[in-house]
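Everything below concerns the one structure shown next.
The sequence lines fix the lettering, A, B, ..., with proteins before strands; numbering per chain opens at 1.
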Amino acid sequence: MRLSQVLITTLREDPADAEIPSHKLLVRGGYIVKIASGIYTYGPLMWRTLKKVTAIVREELDRESAQEVMMPMMHPKELWVSSGRWERYVADGIMFTLKDQKGTEYCLGPTHEEVITAYADQAINSYKQLPVNLYQIQDKFRDEIRPRYGLMRGREFIMMDAYSFDVDEAGLDVSYAAMDRAYRRIFERCGLQFRSVQADAGAIGGSGSEEFMVLAEAGEDTILYCEESGYAANVEKADSVPAAAPADPGSAPLDRRETPDVRTVEQLEAFFGMPAAAMAKTVLYEVTWTDREGVAAVMMRGDLDINEVKLVNALDCLAVTLASDETIQKVTGAEVGFAGPIGLPEDVVLLADKTLEGRQNLLTGCNETGYHCLNVQMGRDCRMPEFRDLRVAKAGEMSPDGAGPLRQARGIEVGHIFKLGTKYSTNMDATFMAESGKPTPFVMGCYGIGVSRTAQAAVEQNHDERGICWPAPIAPFECAVVCVDVKKPEQVELAEKLYAELRDLGIDACLDDRPLRPGPKFKDLELLGFPFSITVGRGAVDGMVEYGVRRTGEKTDVAAADAVTAVRAALGR
RNA sequence: CGGGCCGUAGCUUAGCCUGGUAAAGCGCCUGCUUUGGGAGCAGGAGACCGGAGGUUCGAAUCCUCUCGGCCCGACCA
């Protein structure tokens, strides 16, 4: 392609509304243009990259015998009601909904478990047709609370979503493993540094789940990993061995103490001269379940923090929010800062973190303004709470396998694979005829890749102060042949020749024949980030050109033929 | 949802506090010159200052509402 015919609009300055490098660079390079918050137009160059990403995705999924389909983006409400997810997705505010002329409600698909399950129920009748793995690549719609970072968190974005159908769990394990393999190959081929981590299944539901994280400071997720054992998990899911609590001196009578204006853990440490690990803070949450609302009191060791994702899972609820001051006062009968487990109303759910199990002599609030209690024993002085893992794991703590300390990194979630089991097929009564002759619900898995996000993640991981350094497999062009002065016939001629030669070799090259001065030309190309270049300039009269590698900045004067050889070698062709 | 900041030309911004009829750089267009690192000269187009009300003789500027955008927080017992 001749760049003189490609719509290229580069900006010299960073856009005012971009924060992270990849967002700035994609906008400056004219790759993306925002049309509304979280909604973008992909320019011609961006689309080339996206097509390359999707081509890789297709190749690797097809290699695992997945079949591409295309489902509607607009879904009838009734389908989502049948899976039981309409309520939660609407409550979370994540779903775009709309009505037709008759007032029938629809949504713009944020994900497609419902549609695919309905399809599978129609299309798959017998175990003889299984296993089946179906995927599509299309736009998804999610009304994100806070769209940001360009394509990183958009409200409309390109996603590959796949769904596997098996006769049983063992079959699912096989399908899941196949997708795990495919994902690794996909992200490797896209040139990404990534790590797969254990993950919470979230609103999708189901049992096992793994996320593929592109390691980057700008990532919105925190991951914890252990170099020694390879354990790695999203912080939402991560477990760890916390620092030991101080020795428990044994049963002692409840001791109510006046603690005026002592409200926080820090203040309590100072007031009592006790370590935070000897205390139990009691945090109140307002809880939304599918069918009701209520309050939960969560006891956590004073030096540890509550993981709200784990809490939502433990409560089997839709959402939790920290209780308002009014609620706290109403439930505890005390001002904020004095909440405790003692004498809480019966309708308040009482949970405690596992680190508190078996502990005696805790320091807690008294549910009375100005007082805390020493030597609180759960089960004696208050109801016995249900003990669950509710704690945020932290870097520095021991890996749950005990192999070594956890380290922390930031990641961009580009892929996620789930074992769904029969959750959707049961809810939606999607069955096949099993060998036994009985209708049996499909055992499902679901798998997603954020295609547009992956492309941006690649930029986040591959750029320098001059611009983007695309990994070759997903670069808009693999190589640019630059004609420095389009008025010099010998330069034009040689550049055309090299351009044709590269294309004949199957190399995705472009010809920069734009009538620009050299400065802007070079700056543009560095910003746009094509991996290799052959610059045809002054040396053209002697058949000499410059071979350039974007990533390293390396530039070499070589004979024209050698430049083509160098590009071939670099691309492994 | 809360909290904060911001909407002025295609982009980045100044002007706003202290009202007087909009400015600069980049980009864009024309011509000349220049052609290996965002050139030079000359000329030019381009903004009812996000929108609606209000105050005022007069509003980009002050007030109210509204729409849009960005950031922070979703953790305190």
Side-chain angles (χ1 to χ4, degrees), chain A residues 8-20 23-24 27-28 30 33-39 91-93 145-150 153 220 235 259 261-268 276 279-286 288 297-300 302 304-309 311 319-325 327-329 331-332 334-341 344 363-369 371-372 390-392 466-467 482-488 491 512 514-527 533 535-540 544-546 548 553 555 557:
Chain A
I8 294 174
T9 42
T10 54
L11 299 175
R12 216 189 274 214
E13 285 173 285
D14 283 334
D17 59 2
E19 282 277 304
I20 64 172
H23 184 194
K24 290 177 183 172
V27 173
R28 280 189 53 205
V33 173
K34 182 169 69 185
I35 188 78
S37 178
I39 304 176
D92 286 355
I145 299 172
R146 182 134 92 95
R148 58 174 162 177
Y149 299 158
R153 183 167 294 277
E220 297 185 277
V235 69
T259 54
D261 281 326
V262 176
R263 295 160 192 264
T264 66
V265 169
E266 292 71 30
Q267 290 167 346
L268 284 165
M279 307 171 194
K281 54 187 172 189
T282 306
V283 182
L284 295 171
Y285 283 91
E286 287 164 34
T288 308
V298 182
M299 298 176 69
M300 176 58 67
L304 303 172
D305 294 316
I306 294 169
N307 179 329
E308 290 186 357
V309 173
L311 179 59
V320 295
T321 53
L322 280 173
S324 64
D325 290 1
T327 304
I328 292 171
Q329 286 173 24
V331 170
T332 65
E335 284 176 22
V336 174
F338 302 97
L344 285 173
L363 166 57
T364 77
C366 284
N367 294 331
E368 188 179 344
T369 303
Y371 291 89
H372 280 80
L390 300 171
R391 182 175 49 86
V392 176
R466 293 163 176 243
V482 187
C483 181
V484 175
D485 186 347
V486 294
K487 287 182 182 160
K488 297 271 165 51
Q491 291 188 21
D512 190 354
R514 295 175 300 167
L516 296 177
R517 292 170 48 79
K521 223 170 208 188
F522 294 138
K523 291 286 186 199
D524 263 6
L525 289 171
E526 280 164 353
L527 173 61
S533 61
T535 303
V536 182
R538 288 174 182 143
M544 293 296 287
V545 300
E546 183 187 84
K555 285 171 183 157
D557 291 323

Nearest-Å distance once atom [atom1] is located in both [N] and [M]:
N     : M     : atom1 : value
B:A39 : B:U34 : C1'   : 7 Å
B:C48 : B:C67 : P     : 22 Å
B:A59 : B:A52 : P     : 14 Å
B:U33 : B:G50 : C1'   : 43 Å
B:C62 : B:U18 : P     : 9 Å
B:C49 : B:G2  : P     : 30 Å
B:G4  : B:A42 : P     : 49 Å
B:C32 : B:G46 : P     : 23 Å

Check whether any side-chain heavy atom of [X] lies under 4.5 Å from a side-chain heavy atom of [Y], and answer yes or no.
X      : Y      : answer
A:M279 : A:H372 : no
A:V283 : A:M300 : no
A:L284 : A:T327 : no

Separation of [X] atom [atom1] from [N] atom [atom2], in whole Å?
X      : N     : atom1 : atom2 : answer
A:L304 : B:C75 : CG    : P     : 18 Å
A:E546 : B:G36 : CD    : P     : 13 Å
A:I8   : B:G27 : CD1   : P     : 17 Å
A:D485 : B:G37 : CG    : C1'   : 14 Å
A:I35  : B:G69 : CD1   : P     : 11 Å
A:E308 : B:C75 : CD    : P     : 7 Å
A:F522 : B:U35 : CZ    : C1'   : 10 Å
A:K521 : B:U35 : NZ    : C1'   : 10 Å

In the strands shown, is [N] matched to any nucleotide by a Watson-Crick or G-U wobble pair with both distances under 3.5 Å, and which?
N     : result
B:C70 : B:G4
B:A52 : B:U64
B:G36 : none
B:G43 : B:C29
B:A9  : none
B:C16 : none

Notebook entry, point to check: Are any of A:K34's side-chain N or O atoms less than 4.0 Å away from OP1 or OP2 of B:C70?
Noted result: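 Yes, within the criterion.
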
(request) Indicate whether OP1 or OP2 belonging to B:G36 is found under 4.0 Å from a side-chain N or O atom of A:R538. (result)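 A:R538 to B:G36 OP1/OP2: side-chain N or O found under 4.0 Å.
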
Rounded at 0.5 Å granularity, tell me how far [atom1] in [X] sits from [atom2] in [Y].
X      : Y      : atom1 : atom2 : answer
A:K24  : A:D14  : NZ    : CG    : 4.5 Å
A:T369 : A:R263 : OG1   : CZ    : 7.0 Å
A:N367 : A:L344 : CG    : CG    : 5.0 Å
A:R153 : A:S37  : CZ    : OG    : 12.0 Å

**Message:** Quick check: any donor-acceptor pair below 3.5 Å linking the side-chain of A:K555 to the base of B:G37?
**Reply:**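 Present.
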
request  = For a side chain to side chain contact (heavy atoms under 4.5 Å, CB included) with A:L390, tell me which candidate from A:V298, A:N307, A:D305 qualifies.
outcome  =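 Output: one option passes, namely A:V298.
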
Scan A:R28, A:R12, A:R466 and name whichever one has a side chain to side chain contact (heavy atoms under 4.5 Å, CB included) with A:L527.
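By the side chain to side chain contact (heavy atoms under 4.5 Å, CB included) criterion, A:L527 pairs with just one of A:R28, A:R12, A:R466: A:R28.
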
Readout for nucleotides 1-14 of chain B: B = base within 4.0 Å of protein heavy atom, S = sugar-phosphate only, - = neither; 5' to 3' it is B---------BSS-

Would you indicate which nucleotide in [options] comes nearest to any side-chain atom of [X]?
X      : options             : result
A:V484 : B:G36, B:G69, B:G37 : B:G36
A:P518 : B:A77, B:G36, B:G38 : B:G36
A:R28  : B:G36, B:G38, B:U35 : B:G38

Indicate, with a heavy-atom threshold strictly under 4.0 Å, whether [X] touches base, sugar-phosphate, or nothing.
X      : answer
A:T9   : nothing
A:K523 : base
A:E335 : nothing
A:V265 : sugar-phosphate
A:G537 : base

**Report entry** Atom of A:D524, atom of A:R514 and distance for their closest heavy-atom approach
**Finding:**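 Minimum heavy-atom contact is OD2-NH1, 2.8 Å.
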
**Item:** Closest-nucleotide ordering on RNA chain B, the 5'-leading residue of A:R148 and A:A339
**Value:**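 Upstream on the strand: A:R148.
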
*Could you pick out which residue, A:V283 or A:T10, lies toward the 5' side of RNA chain B when each is mapped onto its nearest nucleotide?*
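Residue closer to the 5' terminus by nearest nucleotide: A:T10.
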
Q: Evaluate side-chain contact (heavy atoms from CB on, under 4.5 Å) for A:D485 paired with A:K487, printing each intermediate quantity in order.
A: CA-CA 5 Å; A:D485 186 347; A:K487 287 182 182 160; 3.4 Å; yes

Return the polar atom pairs (N/O with N/O) between nucleotides 28-34 of chain B and the protein under 3.5 Å, or none.
residue : atom : partner : partner atom : Å
B:U34   : O2   : A:R517  : NH1          : 2.8

Open item on the list: Do A:Y285 and A:E308 pair up side chain to side chain, a donor and an acceptor below 3.5 Å, judged on atom types alone?
Closed with: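 Judged by distance alone, the side chains do pair up.
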
Produce the list of close N/O pairs, under 3.5 Å, pairing protein atoms with atoms of nucleotides 45-47 of chain B; give distances to one decimal.
none

Polar side-chain atom of [X] near backbone of [Y] as donor-acceptor pair, under 3.5 Å:
X      : Y      : result
A:K555 : A:E546 : no
A:S533 : A:T535 : no
A:K281 : A:T264 : no

